[in-house]
Structure formats: C-alpha cells, structure tokens
There are 2 protein chains.
Amino acid sequence: MRSRLAFYWRTSKTLPKQTTSQRPKSSSGSPTLEDVARLAGVSTATVSRCLNSPDRVVERTRNRVLQVVHDIGYAPNFGARALAARRTNTVGVVIPTMENAIFARGLQAFQEELGRHGFTLLVASSSYQPELEMLQVRTLLARGADALMLIGFERQQEVYDILDRRGVPYVISWAYHEGQEAPAIGFDNRLAMAELARHVTGLGHRRLAVISAPQAENDRARDRVLGVMDACREAGINTDGVTVIETPYAIENGAAAMERLMSGASRPTAVLCGNDVLAVGAVRAATRLGLRVPGDVSITGFDDIEIAQIIEPPLTTIHVPHRQMGRQAAQMIVSLLHGTPVGPLRPLDTHIVHRTSLGPPHT
Amino acid sequence: MRSRLAFYWRTSKTLPKQTTSQRPKSSSGSPTLEDVARLAGVSTATVSRCLNSPDRVVERTRNRVLQVVHDIGYAPNFGARALAARRTNTVGVVIPTMENAIFARGLQAFQEELGRHGFTLLVASSSYQPELEMLQVRTLLARGADALMLIGFERQQEVYDILDRRGVPYVISWAYHEGQEAPAIGFDNRLAMAELARHVTGLGHRRLAVISAPQAENDRARDRVLGVMDACREAGINTDGVTVIETPYAIENGAAAMERLMSGASRPTAVLCGNDVLAVGAVRAATRLGLRVPGDVSITGFDDIEIAQIIEPPLTTIHVPHRQMGRQAAQMIVSLLHGTPVGPLRPLDTHIVHRTSLGPPHT
DNA sequence: GCGTTAAATGTAAGCGCTTACATTTTTTCA
DNA sequence: TGAAAAAATGTAAGCGCTTACATTTAACGC
C-alpha cells in the first residue's frame, strides 16, 4: 500500500525544474548523489570523490559536501555503486548450515575482521546440498561479492570453474589438506580426530562407535571418521567392528543415534561424535537410558562450542580455534583482494580439551 | 589485481561485432543479459521478460532463451536489476545481536516464510545501539530492501521518519503493546513475565531478584522487569527490595550477576532472568557456588531456546512462539508489500514451561 | 608577472538491467 | 481474404553511481 503509493509520487521530473529549490530529496524518496551535488553546489563527480577518495578534494569543498551528506542523510545506492564501480566491498560465504552454532563463532570473527578492513559479509547457506551451493555461489556473485569463502574442499568442479573464469578470489576454510592448491585456512580434520581417538584407545577402549554427519558430500565429516579409523588401526582394533552412524547435525539426531547404538548387541564403551551438537544429543540419550557418562559409556565431541561446557557432564572434545580461523581467513581474503602476496599456508592447531565425558572403559 | 585487469579486457565493444560468434561471455567475466540475447537471437527485453513475466513470451522463444540462460549459467546482476526495477524482493531486518541464539529460531522461520514468497532476507545487527540501528536501517535501504522488520518499538524517531518518507513498509516484532499504531507481530513482554513472576510468588517466594539486560534502550527488557514488579505488588512484596542487576545477554554475564546476588546480605530465594542465556549462566554460577537449584535457589528463564533443556537442571521458562512469530511477521510484510489489507493484529500467546529450575523456596 | 605544472573540479560515458512505448507478427472474425 | 485486434517482440531511455578525460583554478619558479 505505502510502497505502491510511492510510485505515484514519483512525478517530479514532470514538474517545473526548480534547480535552486532547497527540497533536498529526489522524488523516489531516497536522496541521490545528484541531490547532494546540487545542494552543495558541486558536480556529482566531486561528491563521489568526497566519499571514495576524500584526499582528492580540497578541504573546504569536502566539508561542505559532507555536511550536506549528513544533513539529508544521504546513503549511496548500493546497486548503482556496484554497477558503476564493479566492486562492492562485499565478501560472500556459503556455509552448509545455519541451523546450529557450529559456524557461528568462526563467522563472527570472520565478519569482524572483514569489517575492520571495510568489507561487508554476505552469508548464504547450502543445507549441505552441492547443487544449492552452486546456486548460492551464483547468487552471491550476482549480488556483487568481490570474493568468497567456502567451507571444505569438496564441491562441484563448476564452482571452481566459475570462480576462476570470473577472476573472483576465494579461500577455503574449515579444512586443510597437505598439497591442496586452493588457498585454505583450516585444520586437518583427520589428524585432529585421530589424535582424540588415539587418546581414547590409549585409555583402553576397544569397542568404539562413531556418530558422524553424512559423509557423502562432506569432506570434513569423512576426514573425521577416517581419523578414528587411523587410530583404531594403530591400536590394532579391527575397523570393521567400529559402527558408524550417519545423521545430520542436530541434538535430537545425536540422541537417536546413541539410542540405536546402545540398543545393539555389543555396546561400545566409547562413542566419538562428529561434533559437539551430536555429542550433546548422545549424552542426553545416555542419561535418559540411565547410563552414566563416562562411567558406563564415554562420549566425545568436536569443535568445542559453548554448549560443550553447559551439558552435564561437560564434553571432552577437540578445540577448534574458530575465531582465529575466521580472522585469518578474512585477512587472507583481504590480501587476495589487494593483491598482497600471501605467505605459505600452515594448518591451524587443534587440541583436545579434557573435560569429563571421557574416561576409562568400564570393566 | 585480477579485478583491475578486467578493465583492460573490457574491449569487446570496439572489436568487430561478431553477432554469430558463440563466445558466450562478456569481457567482465559474468555473462550479461545481452550475452543471452545475442546467443538466443532475441532482444534483451525479451530475455528480461522470460525471466520476470514468462507468460508474456511465446513458449518457443522462452524455451530457447531459458536454454541459453541455463547453458551459460547466466544470473542477473542484482545491482543492475535493483537499479532498473526499483525493487529487489529483499527484506531487511535489524536485530540487536547475533551473539546468542535468542533471535535464531524466529529469524529462521521469518526467512523461510519470506523465501516461500520469493523474498530474500538481509540481516544486520545493531549491537543494542540506537545510532547503529539507524545506520543499519540506512544501509539496508541503500542495499535496496523493499521492507524492514525491526525488533521492539523504541528507537530514534528518525528511523520511523525515514521509513515513512521513503514509503518503506515495516513491521515491529518481538513486542506488542495495546494501542500501538505501528504494525506489530509480537507478544506482551510485561504480561508474559508477570505471569511467570506470579507463579513464583504463588510458590511462596518473597525475596526475588532479577537479572535483566540493560533496560536503557531495550523496551522488551524493561517490560519484563516491569512484569516482575507487577506480580510483586500483587503479592504485597515491596518492589524496592527486589534487586535488579543489568548485564548484557551472555552466559558468563549471567553467572557473574548470580555470584553478586548470592554474595549479598539477603540472598534471594528466586532469581528471574531476562532470558535463558542469563539463566543458564545463573545456574552455572549457582552450581559452582555449591548451591542446589531449585533446592537452595530457584532460577527462571525467558524464551525457551534449546539450551534451556540442555542445562541441568532444565529451566522453567517462558515459551515464546518464535517460529510462529517469524512466520507471521513475514506474512505481514508480504501483505504490506502486495498491498493486501491486513486484519486486526493480536498479540501472540506465551506460556510457562514447567521444568525443574523453579521450586518452592527453601525454609 | 607569466608560463608551466600540479591540483581541483567538471563532463559525460557507461555499468546491466527493466519497462514504456513503438513496431512487427499472429490471430480473429466479418 | 483482409482489416482490425491482440499478442509478441524490439527500441531505447533511464535507474544512481564511478571514473577516464577535459577543463578550470591554484601554486610555483624565475
């Protein structure tokens, strides 16, 4: 209704031109560059320069212009600016899910660091579907993203092709593989999980189980499971005996998986979860089943998000330096955008946080 | 670097026109409407129509065009489209914080419902600062938001002025006041909290305390505190004796406040928290102090977010129908945008969720 | 004081779309 | 069958900016 009316108001162009009028707004409602120029008595080019490269305008003029900008509350039209400048100072990211907090901390840091450099973040979600990721990448590019952050390495080749063809810089995060050519700021999921699993077997556990996110199109999930298997092999445990349940990251899914695991014939003494969300669900299920954690069964997480400390017992988990990862990824992007050479990349360090959900196996 | 080069590449206009050429891309890297038009052998207008009002194009032509669109992976440039159409099918929202999950569920539903109607959501955060909210509103408008959702009623008058001047529809959410003229989809924070507080006093509690978000520029927080006071008055409790600690929503802040509360001379027997995040912190602090909840002290939350069930003991709290709120707010916005008349507004219902963090006072 | 150079500002051509209006093609029906 | 109406398509004018290039103004050196 209101928005409809606005269209009918837009008639000034047919009204007598009053160049000297002090009416500050253009007819569309939003003041434009031209409004500012007129009011300040300069050309639009000068106004533009005041906003984008202030030192190319003499101080007296600049002050006058900025005063007008402030007075009429001018904000440059983003679309027009993007169109003309072919640059938006916007960085896009496609995360697999917004449903839980796994990406929150890292993204927050990513955004903060980008903001520090004058960039804005655009977030899209792929729901763990490769086609949707492709679509979101296109959308982000259409929206003018100057660069992209993507999670993990594995995706449709087309995504990489498009990015390369358009010359859009990108960084991969949340994962790191030795020898991967794409610029990545992340950690080695396999090594991290292997370290934890090794600790678990070191405690004497021989009957392990894993609750993982679906591995099909998720290299991080797959690597984590591989890490468990690595440790099992080292400990002489037959990996065929390690049950792996796949289920999307959600507390209730973790709980359901745990129930299945504990209703089976040979109950595991330790359940390694693909992340903290699943682990929290597992703990809740165990509690509901009347099992003590870690007395009757040990449970571990991955990520070390806030909830890991809230649950009782608090989770022994792998701490991922999400904030650092987000910050570095942002710095990397800024460097790519500025053409600053970036040094060699090293994986981030993760470490085990010993809390109480993991203990020796019951006898 | 790359993006610089693009300027020098952009020379196709001066090259011999090869209308029949199969080179699908324009020089800038992204295919444009014109590329599609050329390849499909139609005008740009027709391509545009295929995308925006398919029924105005004969099927044969449409198929041919859409085939090309698909083949070269064309995605319309958002900025150009916004500029030309003066409409973006984008809705903006400014939430006070992204730091915790209080807005997550509602926003998710909001976004889903918007998506169902072909709209995209743009989220910005004000960090509970009115000036920043003003700025974010401007930014969102500059980015072409067709409509806005805002949280709570209280803000700089200028925000409302701008919105009205530009004819941008908006809805207020997360709050409801009888007689407020602005379209609002929310609940009455005061009444909701009063109901819970009444239940607390009904249990026999006489020494209450409140841990609230800073009330200064947050009408929801203020209303919730007022609700507690209402119930106290009804129960004949002197409201001067009700300690109110203000601290931003964060688990650790809730814990710190709780510690302060319990180290005072007259310890409260029940602590009503402004939301679940603070309540979780309070529970943790109580536990750390060796106090049993609710044995030694009762604690209540507000919102009923996921964490309320995770914490031990699970929180007695107020369930806010966030999903319903988000959905309805989205429907309201769509109606406003379409000019569909909207019926009279009614507040959403909240209700107490009885779990275990609240009990009778210890004697 | 004046030519020269540098700094400040202005002019205007797009960026990639949508859409009012003009033109062409197809359909309809006397 | 052909004129009128309807449908399909094309033409081109912007939308609000940035920026290459042109012009004007200020600063400088002798």
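No experiment lies behind these values; they were computed from the predicted model shown. Letters go in sequence order (proteins before strands), and every chain restarts at 1. As a basis for the values below, the full set of heavy atoms in this structure was taken, side chains included, without hydrogen atoms, waters or symmetry mates.
Distance A/Leu51 CG to D/dG16 P: 16 Å, rounded to the nearest Å. Taking atom CG of B/Leu83 as the reference point, atom P of D/dG14 lies 13 Å away to the nearest angstrom. As rounded to whole Å, 9 Å separates atom P of D/dC17 from atom CD of A/Glu34. Distance, B/Leu33 CG to C/dT19 C1': 12 Å, rounded to whole Å. The distance between atom CG of B/Leu141 and atom P of D/dG16, rounded to the nearest whole Å, is 14 Å. Between B/Asn63 atom CG and D/dA8 atom P there is a gap of 14 Å when expressed in whole angstrom units. Atom CZ of B/Arg87 and atom C1' of D/dC15 are 13 Å apart (whole Å). Atom P of nucleotide D/dT19 and atom CG of A/Asn52 are separated by 7 Å, given to the nearest angstrom.
Contact annotation for A/Phe78: no contact, since no heavy-atom pair falls under 4.0 Å across all strands.
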Working for salt bridge (charged side-chain N to carboxylate O under 4.0 Å, His left out), residues B/Glu112 and B/Arg323: CA-CA 10 Å; B/Glu112 283 168 12; B/Arg323 301 198 64 85; 3.1 Å; yes

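Remark: B/Arg81 is in phosphate contact with C/dT18, judged by side-chain N or O atoms under 4.0 Å from OP1 or OP2. At the phosphate of D/dC17, neither OP1 nor OP2 sits under 4.0 Å from any side-chain N or O atom of A/Arg86. The side chain of B/Ser48 contributes no N or O atom lying less than 4.0 Å from OP1 or OP2 of C/dC17.
Remark: B/Glu217 engages no residue in a salt bridge (charged side-chain N to carboxylate O under 4.0 Å, His left out) (not counting sequence neighbours).
Within the structure, every pair that satisfies the side chain to side chain donor-acceptor pair (under 3.5 Å) test and touches residues 113-127 of chain A, not counting sequence neighbours, is listed here: A/Glu113-A/Arg116, A/Glu113-A/His117, A/Glu113-A/Gln331.
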How would nucleotides 6-13 of chain C be written as a contact map, 5' to 3', with B for base contact, S for sugar-phosphate-only contact and - for no contact, using protein heavy atoms under 4.0 Å? --SBBB--

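Between A/Phe110 and A/Met149 the shortest side-chain heavy-atom distance falls below 4.5 Å.
Other residues, nucleotides and ligands contribute only 12 or fewer heavy atoms inside 6.0 Å of the CD atom of A/Glu59.
A salt bridge is absent between B/Arg165 and B/Glu158: the closest approach of a Lys/Arg side-chain nitrogen to an acidic carboxylate oxygen does not fall below 4.0 angstrom.
When all heavy atoms of B/Gly167 and B/Pro169 are compared, the closest pair comes out as O-CD, 3.4 Å.
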